[in-house]
Amino acid sequence: MKIEATTAKAYQLVHDGILALARAERQGIRIDTEYCEQKIQHLTRKIQYLEKKLEDTKFYRHWQHIYGRKTNIHSNHQLSRILYKDMKIEPLKMTGKGVQGATDEAALEQINIPELKTILEIRKLAKIKDTYLGAFLREASDGYIHPFFNLHTVKTHRSSSSCPNFQNVPKRDKEALKICRRALFPRPGHMLVEADFSSIEVMLSCCYSKDPTMINYVKNKKSDMHLDMAKQIFIFDKLDKNVPAHAILRQAAKNAFVFPQFYGDYYGNNVKGLADWVKLPQSRWKSGMGVELPDGRYISDHLSTQGIRSFDKFTEHLKGVENDFWNNRFKVYNAWRKAWVAEYRKKGYLKMLTGFICSGIMGKNEIMNYPIQGTAFHCLLKTFILLDEAMRKEQWDTKLIGQIHDSIIMDVNPNEFEHVQLTAHKIVKEELPALWNWINVPLNIEIDVYGVDQSWVKPITS
DNA sequence: GGAACTCGCCAC
DNA sequence: AAACGTGGCGAGTTCC
């Protein structure tokens with residue numbers, strides 16, 4: 001696919017953006033190579049130990065019996081054959097291209113063979129060692145890595161990063177986070193600072209759709225879309241998000257319903273994710289199942305009082321929630337979606353608020369997601385450009401060093417921190433809305449600060 | 001022996 | 001009726 005800017009204002013943004021990003025690439029990110037080397041050795045030994053442990057099992061000997069000298073526990077192709085052909089286990093899901101049984105984490109967890117846990121553990125450690133620490137070392141030069149930030153590779157006009165990819169360093173898995181991010185440091189006496197746009201894709205959904213309900217959700221600090229959805233999905237009149245059990249319901253609604261729905265998913269998939277979150281099985285429910293509620297009851301008992309006693313009944317309920325979500329709660333957004341898709345089908349291309357054009361054959365979900373994703377990134381990019389401008393004009397010692405779609409990573413001189421923070425806020429709250437009159441909601445950033453001379457592991461704020 | 005593919009997995 | 005968007009990258013495998 002050919003990716004180009006296509007209008008004058010889009011071209012200008014890419015032009016300025018490339019230059020600002022190139023300056024960040026040139027600065028680079030400080031890396032502790034000694035740590036990487038030591039940690040790689042440590043992980044290698046750990047992996048060797050797990051491999052030895054595996055080799056001492058019946059499961060492995062069986063594998064060896066089939067593959068002989070070619071036996072390779074890192075081969076998912078071999079593993080798929082062993083499990084699904086040889087041991088005749090019924091595969092619960094197939095791989096993406098659909099020809100063999102899947103051997104990903106979700107699939108292996110469903111199979112009751114203890115050796116598979118060891119394989120998963122090896123996979124996780126190998127990923128950390130090879131994809132992250134190994135790549136950091138390979139790319140390190142004089143104590144710095146210089147990841148590329150590309151603006152010409154992505155269909156949605158977002159960015160990508162490579163050599164190494166700075167945009168996928170582990171964060172969710174706390175162990176992986178600690179090991180990988182411990183390698184990256186600020187310059188001596190400086191601190192790493194990360195400025196994240198708050199819910200930027202929701203903001204852009206407001207800009208495109210002008211949906212009043214959605215706008216109210218992001219403007220009104222007391223309202224909470226995910227909590228409201230949790231109430232509706234799990235049928236509660238009241239939920240307090242500060243109660244841990246309620247916080248889980250809110251997270252479930254957010255991650256297994258709201259986000260997937262905006263990406264184009266449907267209730268039949270969402271219901272599985274929701275059941276996972278609240279630990280309910282995909283079958284009939286009995287008393288005492290699932291997560292515990294603050295009053296000591298379990299979620300299955302609560303739903304039972306609402307007439308929902310099985311996964312199937314819950315699915316039916318969720319179908320109603322989905323219908324209400326699009327035809328009632330966010331009906332203006334839904335109308336925009338329909339009109340937006342119709343317009344693309346008439347013209348054969350779509351044009352973003354920032355002037356970028358996407359053409360080619362697209363499905364419904366792509367037509368809806370591209371403008372949101374692309375334009376959200378353009379807010380980040382313009383902010384990056386303006387920060388870079390201020391930095392050079394005022395000769396900051398602080399440096400811009402990277403970007404992850406909706407966040408900017410800086411290497412900050414502590415004496416300049418207050419000023420940098422003020423400048424960033426001024427850009428997103430005042431300059432951006434003044435520049436782009438289609439911004440109809442308040443943009444905001446959250447700032448995370450890491451300690452002076454400390455790695456990228458744990459922010460000392462927020 | 002390298003290119004191109006699949007699979008799995010990390011991020012937003 | 002159908003049904004989750006965007007990337008990069010390592011290892012294994014297959015093709016030429």
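In the text below, chain A, chain B and the rest are named by the order of the sequence lines, each starting its count at 1. Only heavy atoms go into these numbers, but all of them, side chains included; no hydrogens, no water, no symmetry mates.
- The distance between atom CD of A:E109 and atom C1' of B:dG8, rounded to the nearest whole Å, is 14 Å.
- Put simply, the side chain of A:R158 and the base of B:dC12 share a donor and an acceptor less than 3.5 Å apart.
- Remark: P of B:dC9 and CG of A:N165 are 17 Å apart, rounded to the nearest angstrom.
- Taking atom NE2 of A:H157 as the reference point, atom P of C:dG5 lies 18 Å away to the nearest angstrom.
- Under the 3.5 Å distance criterion, with hydrogens and angles disregarded, no donor-acceptor pair is assigned to the side chains of A:E55 and A:Q64.
- In summary, of the residues considered (A:Y266, A:W336, A:F262), a ring-ring contact (aromatic ring centres under 6.0 Å, His included) with A:W326 occurs for A:F262 alone.
- Among the heavy atoms of the strands lying under 4.0 Å from A:C163 are primed sugar atoms or P, OP1, OP2 only; no base atom is included.
- Residue-level contact check: A:G264 touches the backbone only, with heavy atoms under 4.0 Å from sugar-phosphate atoms and none from bases.
- Side-chain proximity of A:Q78 to the nucleotides C:dG10, C:dT13, B:dC9 is greatest for C:dT13.
- Ring orientation note: the planes of A:Y217 and A:F330 are tilted relative to one another, at an angle of 30° to 60°.
- Taking only side-chain atoms of A:T103, from C-beta outward, the nucleotide of B:dC7, C:dT6, C:dG8 with the closest atom is B:dC7.
- Across B:dA11, C:dG7, C:dA11, the shortest atom-to-atom separation from the side chain of A:H74 is found for C:dA11.
- For A:F166 and A:W456, the ring centers sit closer than 6.0 Å to each other.
- For C:dG5, the base has a donor-acceptor partner in the side chain of A:Q373 [N/O atoms by modelled type, under 3.5 angstrom].
- Of the candidates B:dC12, C:dT14, C:dA11, the closest approach to any side-chain atom of A:H77 belongs to C:dT14.
- Neither side chain, A:Q232 nor A:D228, offers a donor N or O lying under 3.5 Å from an acceptor on the other.
- Between A:H378 atom NE2 and B:dC12 atom P there is a gap of 19 Å when expressed in whole angstrom units.
- Within the nucleic acid shown, A:E201 has no heavy atom closer than 4.0 Å to any nucleic acid atom.
- For the OP1/OP2 pair of B:dG8 and a distance below 4.0 Å, the side-chain nitrogens and oxygens of A:R123 include no atom meeting the criterion.
- Of the candidates B:dG8, C:dG5, C:dC9, the closest approach to any side-chain atom of A:Y263 belongs to C:dG5.
- Counting any heavy atom pair closer than 4.0 Å across all strands shown, A:N168 reaches a base atom.
- Following rounding to the nearest Å, A:I128 (CD1) and C:dC9 (C1') show an atom-to-atom distance of 15 Å.
- A:D130 has its CG atom 14 Å from the P atom of C:dC9, to the nearest Å.
- A salt bridge does not link A:K399 to A:D411: none of the charged side-chain nitrogens sits closer than 4.0 Å to a carboxylate oxygen.
- Among the nucleotides C:dC4, C:dG10, C:dG12, the one closest to any side-chain atom of A:R138 is C:dG10.
- The side chain of A:K171 lies closest to B:dA11 when the candidates are C:dT13, B:dA11, C:dG7.
- Minimum atom distance to the side chain of A:Y370 is reached by C:dT6, of the listed B:dC7, C:dT6, B:dG8.
- The phosphate of C:dA3 (OP1 or OP2) has no side-chain N or O of A:Q261 nearer than 4.0 angstrom.
- Between the side chain of A:K127 and the base of B:dC9 there is at least one donor-acceptor pair of N/O atoms closer than 3.5 Å.
- Between C:dG10 and A:T131, no contact under 4.0 Å exists linking OP1 or OP2 to a side-chain N or O.
- The side chain of A:P170 lies closest to B:dA11, out of C:dG7, B:dC7, B:dA11.
- Distance CH2 (A:W326) to C1' (C:dA3): 13 Å, rounded to an integer number of Å.
- Among the protein residues, A:S161 comes within range of the sugar-phosphate backbone only, with heavy atoms under 4.0 Å from sugar or phosphate atoms but none that close to a base.
- For the OP1/OP2 pair of C:dA11 and a distance below 4.0 Å, the side-chain nitrogens and oxygens of A:S75 include no atom meeting the criterion.
- Among the atoms of the strands shown, only primed sugar atoms or phosphate atoms (P, OP1, OP2) are found under 4.0 Å from some heavy atom of A:A102.
- Of the listed nucleotides (C:dC9, B:dC9, C:dT6), C:dT6 has the atom at the smallest distance from the side chain of A:T156.
- Distances shown here put every side-chain N or O of A:N76 at or beyond 4.0 Å from the OP1 or OP2 atom of B:dG8.
- Ring to ring, A:F257 and A:F325 are close: their centroids are under 6.0 angstrom apart.
- Whole-Å rounding puts the A:D173 CG to B:dC9 P distance at 12 Å.
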